[in-house]
Amino acid sequence: MSIFQHIRAVLRQKLEEVAPQQGWVLSEPLSTFTVESPRDPKHGDVATNIAMVSAKSIGQSPRFIATILTEALKSDTAITSAEVAGPGFINLRLSAHVWHEQLRTVLEQGVHYGDNPMGGGERINIEYVSANPTGPMHAGHVRGAVFGDALSNLMTKAGYKVTRRYYFNDVGTQVDVLARTVHLRYRETWGQSIGEIPAGLYPGDYLKPVAEMLKDRDGDKWLNKPESEWLKPIRDFAVAEMMQDIKNDLALIGIKHDVFTNEREIIENGTLDKVFKLLEDKGLIYTGTLPPPRGKEMEDWVPEPLILFRSSQFGDSSDRPLKKRDGHWSYIMPDMAYHYTMIEDGYRLMINVLGADHGGYLERMRPAIAALSDGKARLDALFCQMVKIFNNGELVKLSKRSGNIITLREMVDQVGPDSVRFTILTRDFATPFEFDFVKVKEQSRENPVFYIQYAHARCCSVLRQAKPMFSDTEISPKALMGQDLGPLVAEDEIALIRAFADWPKVVEAAAISREPHRVSFYLYDLASLFHALWNKGKDDGTLRFLIEGNKPLSLARLALVRGMMAVIASGLAVIGVTPVEEMR
RNA sequence: GACCCCGUAGCUCAGCUGGAUAGAGCAGUUGCCUUCUAAGCAACAGGUCGGAGGUUCGAAUCCUCUCGGGGUCGCCA
């Protein structure tokens with residue numbers, strides 16, 4: 001049980017004890033009060049607003065209730081002082097012993113410290129990136145990619161069994177355009193003059209290597225053949241190559257998916273037909289004509305009867321066509337089948353990380369999932385807001401059409417993977433993100449991520465110093481757990497342990513709100529406490545971690561250093577950054 | 001016509017499900033390396049939290065309205 005849970009239980013118990021004596025009637029069960037470590041250390045180790053929250057139902061002033069409670073609390077052995085403050089807060093100080101036990105817990109659990117059981121081992125699916133294989137990873141993909149990856153780490157830490165999934169469309173217009181462009185580049189490799197890339201095909205040079213590989217594999221086989229013969233084989237080849245490129249690019253920032261699901265397979269293995277039949281059997285499909293969309297000029301709008309899904313029965317603003325006028329499936333049909341495979345597989349929660357430009361997706365897909373799972377499965381979408389790229393204050397217009405893109409590879413080459421990840425993960429995903437290439441490059445050496453890594457490196461440095469000092473003593477975390485931690489009494493030392501105690505709460509809150517950036521800020525604050533402590537040791541020799549001739553104190557402080565390393569490592573694992581042993 | 005996101009220091013952003021004097025980094029000013037790595041520390045300066053109402057012990061946070069910026073509203077993906 002964590003310190004906060006313990007205090008919580010004590011508070012509730014004391015209140016229930018005191019209430020009958022005072023003639024208070026507790027009309028509702030108390031659960032909304034908070035128990036937290038206050039920002040201002042003057043406010044004690046732990047603060048609670050229980051008196052203020054319960055004031056109304058009790059019918060007494062918050063300060064009066066708080067005064068009664070503080071008297072009762074003083075009998076608890078973990079609590080050394082309790083006082084009323086401000087409008088009715090109760091500020092508690094806890095015995096050093098409580099904090100020493102907390103540190104032992106950290107040492108015992110290591111990188112698993114902060115793991116939370118809230119997920120209960122439930123399998124969830126997190127889909128992210130999911131760019132179609134028609135071009136390289138670029139700046140626009142990076143945010144969702146890093147966010148999705150960190151969210152997966154976070155949810156794993158919070159006790160979920162996460163499948164990291166990439167879903168891509170390898171059917172339809174886009175991949176046909178890909179194939180045609182590759183064929184053009186292929187002709188180019190044979191010395192044919194192709195001129196400018198025609199409008200409608202993909203510009204940029206990135207398909208040249210693909211064409212070269214095609215030439216190596218197939219020779220001149222497709223040179224003078226009609227499109228009907230080469231379209232399919234070249235498409236399959238190009239899609240496979242592009243997916244490989246994407247995987248390689250993602251690996252540059254440490255991203256690896258567990259499962260790749262593609263549209264073609266879902267169509268070819270009959271899942272799509274099965275889903276269609278299923279909806280038909282449920283009476284959710286009919287033929288009808290939709291009104292033209294609102295608020296948008298539609299020049300080519302032709303009212304025509306189409307096969308529709310009754311999604312308005314499930315909260316959608318309109319029914320949705322499953323087939324286009326030309327008879328092909330509309331994109332939502334394979335997507336519905338894709339989600340059906342996951343429902344069949346037992347997933348009840350699916351999280352999709354999308355760009356803000358996919359705003360309408362959730363409204364369309366949720367009804368289908370409700371229908372296909374009889375309301376048992378749920379899709380959540382997290383919309384990462386747009387990334388605007390600036391170059392020294394000037395907005396860079398990115399467009400795939402003109403071939404003006406900044407690739408993921410360029411970003412990583414110039415800024416480094418850790419800085420890229422950390423910069424993205426110090427923003428709420430819902431906040432529009434301005435990424436100034438020049439500034440981030442300039443600041444890459446002073447990126448806050450190094451501040452955190454530096455704290456870890458300093459810990460390692462202390463350990464290196466300690467080894468010769470204590471050549472006869474084991475200084476592993478497990479061994480240090482058994483040390484007497486009594487010498488840890490300094491205010492700043494206890495403050496650090498207090499911060500350790502916050503970590504599990506940060507994990508939980510971040511997981512509930514799906515906000516991995518909270519982890520970044522927590523780690524930064526933690527590192528700040530450590531650096532301050534370190535520098536105090538420079539001013540005052542008695543505060544150094546290792547004190548020559550005082551082994552009990554040094555070993556106790558080594559335990560603190562080990563604890564720091566464990567929490568930093570535990571947090572950086574969520575961010576996806578490796579803790580370093582030294583800064584170079 | 002409807003929906004979503006954002007508006008906090010000169011700049012980039014935090015502010016945990018309503019809490020105590022609104023925070024950090026960068027930029028600016030000033031100190032600190034004979035001592036575990038100065039990629040660090042300490043301090044100064046910088047704000048009508050877009051605006052107006054409301055809810056209550058208490059609002060940057062919740063509600064309504066409003067202004068500004070971005071996104072979406074297709075049989076496109």
Side-chain angles (χ1 to χ4, degrees), chain A residues 32 34 36 38-40 42-43 47 49 52-53 55-56 61-63 85-89 91 132 169 172-174 290 292-296 298 300-302 304 306 317-318 320-326 328 330-332 335 355-363 383 385-386 388 393 423 426-436 439-440 442-443 445-448 450-451 453-455 457-466 469 502 505-506 508-510 512-513 515 517-518 520-522 524-525 527-528 530-539 541 544-546 561 582-584:
Chain A
T32 53
T34 58
E36 58 194 1
R39 274 226 167 268
D40 189 339
K42 286 201 287 287
H43 296 145
N49 63 357
M52 296 186 304
V53 170
K56 198 169 212 173
S61 81
R63 284 196 64 103
F89 288 103
N91 294 338
N132 285 339
N169 303 118
T173 320
Q174 287 194 23
L290 289 173
R294 289 183 175 183
K296 218 177 166 183
M298 295 291 297
D300 57 346
W301 182 261
V302 183
E304 199 168 318
L306 293 166
S317 58
S318 156
R320 302 290 173 180
L322 296 181
K323 276 193 174 181
K324 300 190 263 188
R325 239 187 302 166
D326 65 9
H328 286 99
S330 69
Y331 82 95
I332 62 167
D335 272 23
D357 55 339
H358 289 73
Y361 187 79
L362 190 62
E363 188 192 12
F383 297 100
Q385 294 299 308
M386 296 286 137
K388 280 189 186 170
T423 302
T426 45
R427 279 142 179 90
D428 185 344
F429 64 86
T431 303
F433 180 11
E434 299 192 2
F435 188 95
D436 193 312
K439 283 184 186 164
V440 174
E442 274 172 6
Q443 289 169 13
R445 251 171 285 112
E446 41 196 285
N447 191 290
F450 299 125
Y451 184 86
Q453 290 190 311
Y454 190 32
R458 279 179 153 174
C459 290
C460 294
S461 173
V462 174
L463 288 182
R464 282 194 296 271
Q465 301 289 328
M469 257 175 103
D502 285 335
K505 287 177 52 160
V506 170
E508 181 171 316
I512 289 171
S513 58
E515 292 177 344
H517 74 277
R518 295 189 191 196
S520 307
F521 283 92
Y522 167 78
Y524 192 90
D525 291 342
S528 176
F530 183 82
H531 286 309
L533 188 56
W534 177 284
N535 273 77
K536 281 198 174 155
K538 283 186 164 302
D539 297 336
R544 293 161 67 83
F545 292 108
L546 303 174
V561 168
E582 48 188 342
M583 304 298 282
R584 284 288 173 194

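Convention: sequence-line order gives letters A, B, ...; per-chain numbering from 1. Source: prediction; values computed, not measured.
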With no hydrogens and no angle check, just 3.5 Å: does a side-chain donor-acceptor pair link A:S317 and A:E363?
yes
Heavy atoms only, 4.0 Å cut-off, all strands: where does A:A466 land among base, sugar-phosphate and nothing?
nothing
For B:U17 and B:C57, measure between their P atoms and round to the nearest Å.
22 Å
Can you check the A:F383 CZ to B:C5 P distance for me, whole Å?
10 Å
Taking atom P in both B:A59 and B:U55, compute the distance separating them and give it to the nearest angstrom.
12 Å
Say we look at B:G50 and B:G10: how far apart would their P atoms be, to the nearest angstrom?
13 Å
Can you tell me how far the CG atom of A:L322 sits from the CD1 atom of A:I332, to the nearest 0.5 Å?
5.5 Å
Side-chain heavy atoms of A:F383 within contact of A:L362, under 4.5 Å:
yes
Hey, does A:Q453 reach any base, or is it just sugar-phosphate, or nothing, if we go heavy atoms under 4.0 Å?
nothing
Sugar-phosphate only, base, or nothing, as touched by A:N91 at under 4.0 Å among non-hydrogen atoms
base
Can you tell me if A:S330 and A:R320 form a side-chain donor-acceptor pair at under 3.5 Å?
no
Looking at every strand, decide which applies to A:Y451 at a 4.0 Å heavy-atom threshold: base, sugar-phosphate, or nothing.
sugar-phosphate
Just call it for A:A510: base, sugar-phosphate, or nothing, with non-hydrogen atoms closer than 4.0 Å on any strand.
nothing
Tell me if B:C5 is syn or anti. Syn = glycosidic torsion within 90° of 0, anti otherwise.
anti
Are the side chains of A:L306 and A:L290 in contact, using a 4.5 Å heavy-atom criterion?
no
So how far is it from A:D335 CG to A:N169 CG, rounded to the nearest 0.5 Å?
6.5 Å
Mapping A:F89 and A:K388 onto RNA chain B by nearest heavy atom, which one lands closer to the 5' end?
A:F89
Who passes side chain to side chain contact (heavy atoms under 4.5 Å, CB included) against A:F521, sequence neighbours left out?
A:T426, A:H517
Please report the distance separating the C1' of B:G15 from the corresponding atom of B:A60, rounded so that it comes out in whole Å.
8 Å
Hey, could you give me the CZ/CG distance between A:R458 and A:N535, rounded to the nearest 0.5 Å?
5.5 Å
Report all interatomic pairs (protein N or O, nucleotide N or O of nucleotides 34-36 of chain B) with separations under 3.5 Å.
| unit_1 | atom_1 | unit_2 | atom_2 | d |
| --- | --- | --- | --- | --- |
| B:U35 | O2' | A:R544 | NH2 | 3.0 |
| B:U35 | N3 | A:K538 | O | 3.3 |
| B:U35 | O4 | A:K538 | O | 3.1 |
| B:C36 | O4' | A:R544 | NH2 | 3.1 |
| B:C36 | O3' | A:Q465 | NE2 | 3.4 |
| B:C36 | O2' | A:S461 | OG | 2.9 |
| B:C36 | N4 | A:W534 | O | 3.0 |

Does any non-hydrogen side-chain atom of A:T431 lie less than 4.5 Å from one of A:Q385?
no
Rounded to whole Å, the CD-C1' distance (A:Q385 to B:G69) equals 12 Å
Evaluate the side chain to side chain contact (heavy atoms under 4.5 Å, CB included) criterion for residues A:F433 and A:M386: first the C-alpha distance (whole Å), next the side-chain angles of each, then the deciding distance (0.1 Å), finally the verdict.
CA-CA 6 Å; A:F433 180 11; A:M386 296 286 137; over 6 Å; no
Within this structure, what is the CD-to-C1' distance between A:E363 and B:C5, rounded to whole angstrom?
16 Å
Applying side chain to side chain contact (heavy atoms under 4.5 Å, CB included), run through A:M583 and A:Q453 and close with a yes or a no.
CA-CA 8 Å; A:M583 304 298 282; A:Q453 290 190 311; 4.2 Å; yes
Return a single string for nucleotides 10-18 of chain B, one symbol per nucleotide in 5' to 3' order, where B is base contact, S is sugar-phosphate-only contact and - is none, cutoff 4.0 angstrom on heavy atoms.
-SSSSSSB-
Aromatic plane relationship, A:F530 with A:F545 - under 30° parallel, 30 to 60° tilted, over 60° perpendicular:
parallel
In whole Å, measure the gap between the P atoms of B:C4 and B:A43 for me.
44 Å
Give each protein N/O atom lying under 3.5 Å from an N/O atom of nucleotides 75-77 of chain B, with the pair distance.
| unit_1 | atom_1 | unit_2 | atom_2 | d |
| --- | --- | --- | --- | --- |
| B:C75 | O2 | A:R325 | N | 2.7 |
| B:C75 | N3 | A:R325 | NE | 3.1 |
| B:C75 | N4 | A:V302 | O | 2.7 |
| B:A77 | O3' | A:N132 | ND2 | 3.1 |
| B:A77 | O3' | A:N169 | OD1 | 3.1 |
| B:A77 | N6 | A:Y331 | OH | 2.0 |
| B:A77 | N1 | A:Y331 | OH | 3.4 |

Atom CZ of A:R544 and atom CD of A:Q465: how far apart are they, to the nearest 0.5 Å?
8.5 Å
For the C1' atoms, the ones on B:G69 and on B:G51, what distance do you get once it is rounded to whole angstrom?
15 Å
Distance between P atoms of B:G23 and B:A42 (Å, rounded)
16 Å
Given Watson-Crick and G-U pairs under 3.5 Å, RNA chain B in dot-bracket ([ ] crossing, | other strand) is (((((((..((((.....[...)))).(((((.......))))).....(((((..]....))))))))))))....
Toward the 5' end of RNA chain B, by each residue's nearest nucleotide, A:G359 or A:P87
A:P87
Atom P, compared across B:G1 and B:C65: separation rounded to whole Å
15 Å
Is the backbone of A:F89 close enough, under 3.5 Å, to the side chain of A:R63 for a donor and an acceptor to pair up by distance?
no
In whole Å, what is the span from the OH atom of A:Y524 to the C1' atom of B:G40?
10 Å
Salt bridge (Lys or Arg N to Asp or Glu O under 4.0 Å) partners for A:E508, two or more places apart:
none
